[in-house]
Amino acid sequence: MSKVTDMRGAISSVVDDGETIYLGGFTHLIPFAAGHEIIRQGYSDLNLVRATPDLIYDQMIAAGCAGKVTFSWAGNPEVGSLRPFRRAVEESVPNEIEIEEYSHFGLVSRLAAGAQDLPFLPLRTFAGSDYPDHVDTIRTVENPFDNGIGEIPVVSPLEPDVAIVRAQRADVEGNAHLWGILGEIVEAAFAAETVVLSVEEIVDRDVIQSDPNRTSIPNTVVDHVVEEPYGSHPSYAQGYYDRDNEAYLEWDQRSETHESTKEWLDERVYGVADRAEYVERMETNRLVDLQPRSNYATPIDMGGY
Amino acid sequence: MAEYTDTELMVTRAAQELRNGDTTLVGVGVPNLACNLAKRTHAPDLEMIYESGTIDSNPSKLPLSIGDPVLATNAQSIVPMRQGFGYYLQAGRIDVGFLGGAQIDRYGNINSTVIGDYNDPKVRLPGSGGACEIASNTRKTIVITPHSKRRFPEEVDFVTSPGYLNGRESREKLGLRGGAAHCHYGQGGDAVRRRRRDVRPLSPPRRDGEDGPGSHRMGPSVCIQSWGDTAPRRGGDRSYQERARPERVLHRLSTSIMN
């Protein structure tokens with residue numbers, strides 16, 4: 001059964017004010033198009049969860065979508081601060097936000113516990129750090145076994161209301177192939193109540209079944225499929241387009257004040273109907289510069305039996 | 001005479017700490033530059049693991065983030081973050097963690113979370129990222145940060161990543177891995193150094209087994225502190241003379257890596 005819809009329809013049917021939302025992808029495959037659609041539809045008081053809020057949550061915070069941000073590293077990679085995130089935390093602009101933070105492994109372990117329906121997961125992180133004093137979902141349990149470690153930190157499961165994840169390609173039912181950096185995408189998809197899968201291209205089922213080891217996200221966990229070329233820009237899709245590092249640098253300037261950030265949002269988010277128009281407005285040269293050379297993997301032989 | 005910035009000097013000096021054959025988990029910022037410099041110069045067999053889940057990355061150019069596509073193409077393996085942190089880092093398979101930090105105290109505890117009170121911070125910093133698990137699970141942690149008084153308080157405002165907490169025994173008590181050797185590098189002042197003699201004192205021979213407790217003045221504005229791990233290292237090591245020399249690597253930094 002086809003689950004294909006457009007981004008506007010997918011977002012309006014799954015997102016509600018006050019929900020916990022996870023936009024997956026660690027540097028790679030960040031769902032920018034989905035985040036922009038959430039901004040255009042004007043949701044608020046969301047608990048925005050991501051390991052790295054990155055530019056997408058910065059933009060959503062500036063647009064007033066966030067009531068809370070849950071994260072593990074809030075910076076603009078190799079550039080500096082996330083200015084709107086800091087304005088919200090330090091000056092309550094445009095509104096006050098609550099924050100909850102972990103280490104990367106802590107947050108990923110919470111998703112893994114949610115994905116497996118476990119009450120908690122132990123990890124060799126947080127002992128000796130100050131995080132357990134400030135985050136109620138990090139606690140310590142006694143090891144029931146006599147094998148070298150007495151107490152061990154645990155984290156509670158995270159089960160977002162909605163996860164929006166991206167992949168390079170999927171069939172119409174939502175069986176997705178991913179390659180390159182996988183980050184926490186699969187854990188987020190399995191942990192969430194409802195999942196929107198956004199892909200660079202929809203392909204025949206035969207393509208997916210020709211390489212089942214690459215199917216990290218199965219249709220079982222997917223509710224909506226959206227075909228959205230360049231849906232991750234200025235993040236990237238391995239083999240399709242490069243990360244737009246210039247855009248990450250530009251954001252540092254464009255987001256310098258709340259007013260200048262709003263101007264950017266007017267231009268790039270509110271000022272376009274959808275991702276197709278966003279891409280149409282990009283400079284052709286810039287798009288061309290982001291195209292990588294082809295570099296194919298050697299095919300494997302699955303064998304016919 | 002080559003001109004270089006303080007940051008470039010820190011990068012080259014930190015790169016010398018990495019040995020050929022080390023497995024290292026590479027943090028964002030200066031550590032990323034230093035690891036890539038080491039791999040392009042004296043440590044071609046350095047195995048760079050990134051928290052994004054790329055294992056033994058072989059980037060064709062300098063990665064501009066720790067999730068850059070050049071880290072994925074031609075890597076030995078790419079795994080989900082859960083597996084990279086779990087099977088590799090948590091299981092004790094990584095020799096060296098390489099971190100930055102806003103504050104480091106006398107026990108090597110690192111703060112990259114907040115300056116001031118946690119609930120009412122003066123400055124909100126990015127937070128842990130992978131730093132807490134890296135400092136908890138690698139055999140040795142190297143910290144690189146500019147030298148200034150405010151970066152080395154007696155106690156950090158927030159322990160993001162544990163060093164020795166409040167004394168030598170405390171890591172073991174908590175089940176933390178690694179007899180970590182915390183080395184702080186950096187220098188005061190922002191002046192661009194022009195003369196080679198300013199660099200040379202930064203390059204003391206350091207052989208295996210020499211990382212005993214202590215603090216060594218390395219030059220007018222540079223200090224290295226280290227203590228901890230003296231266990232023999234896995235994999236080969238080139239003698240100091242074959243390792244990176246600042247003047248050479250700075251040249252390479254500008255010509256081959258910054259492309």
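Protein chains get the first letters and strands the later ones, always in sequence-line order, with residue 1 at the start of each. Hydrogens, waters and symmetry mates are skipped; everything else that's a heavy atom, side chains included, is used.
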Name the member of [options] that forms the most heavy-atom pairs with chain A at distances under 4.5 Å.
| options | result |
| --- | --- |
| Leu64(B), Val70(B), Asn74(B) | Leu64(B) |
| Val30(B), Leu125(B), Asn166(B), Ile78(B) | Ile78(B) |
| Ser112(B), Pro80(B), Gly129(B) | Gly129(B) |
| Ala75(B), Pro121(B), Gly130(B) | Gly130(B) |
| Asn111(B), Thr160(B), Leu71(B), Val79(B) | Thr160(B) |
| Pro69(B), Gly86(B), Gly84(B) | Pro69(B) |

Can you see which heavy atom on [X] is nearest to which on [Y], and at what distance?
| X | Y | answer |
| --- | --- | --- |
| Gly67(B) | Ile181(A) | O-CD1, 3.4 Å |
| Glu101(A) | Gly127(B) | OE1-CA, 3.9 Å |
| Asn245(A) | Asp68(B) | ND2-OD2, 4.2 Å |

Under 4.5 Å from any heavy atom of chain A, what part of [X] do you find: side chain, backbone, both or neither?
| X | value |
| --- | --- |
| Leu176(B) | side chain |
| Ser52(B) | both |
| Leu174(B) | both |
| Val123(B) | both |

Let me confirm one number: the [atom1]-[atom2] distance from [X] to [Y], rounded to the nearest 0.5 Å.
| X | Y | atom1 | atom2 | answer |
| --- | --- | --- | --- | --- |
| Glu187(A) | Arg82(B) | CD | CZ | 6.5 Å |
| Ser136(B) | Leu123(A) | OG | CG | 9.0 Å |
| Ser109(A) | Glu133(B) | OG | CD | 8.0 Å |
| Tyr131(A) | Cys132(B) | OH | SG | 7.0 Å |
| Thr125(A) | Gln90(B) | OG1 | CD | 6.0 Å |
| His134(A) | Thr113(B) | NE2 | OG1 | 9.0 Å |

Would you find more than 12 non-hydrogen atoms of other residues, nucleotides or ligands less than 6.0 Å from [X] atom [atom1]?
| X | atom1 | value |
| --- | --- | --- |
| Gln253(A) | CD | no |
| Glu96(A) | CD | no |
| Glu172(B) | CD | no |
| Asp117(B) | CG | yes |
| Glu154(B) | CD | no |

>> For Thr73(B) and Gln238(A), which I'm curious about, is there any donor-acceptor pair between the side chains at under 3.5 Å?
In response: yes

> Between Phe105(A) and Phe85(B), what is the ring plane arrangement, given parallel below 30°, perpendicular above 60°, and tilted in between?
Replying inline: tilted

> Under 4.5 Å between any side-chain heavy atoms of Thr27(A) and Ser65(B), yes or no?
Replying inline: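 Of all side-chain heavy-atom pairs linking Ser65(B) with Thr27(A), at least one is under 4.5 Å.
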
> If only atom types and distance count, is the side chain of Glu90(A) paired as donor or acceptor with the main-chain N or O of Arg124(B) below 3.5 Å?
Replying inline: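 It does hold such a pair.
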
>> If you apply the rule side-chain contact (heavy atoms from CB on, under 4.5 Å), what do you find for Ile66(B) with Phe26(A), and how did you get there?
In response: CA-CA 9 Å; Ile66(B) 55 169; Phe26(A) 191 83; 4.3 Å; yes

For [X], which atoms come within 4.5 Å of any heavy atom of chain B: side chain, backbone, both, or neither?
| X | result |
| --- | --- |
| Tyr248(A) | neither |
| Leu29(A) | neither |
| Val186(A) | neither |
| Arg124(A) | both |

>> So which residue, Gly75(A), Pro77(A), Ser103(A), ends up with the most heavy-atom pairs under 4.5 Å with chain B?
In response: Ser103(A)

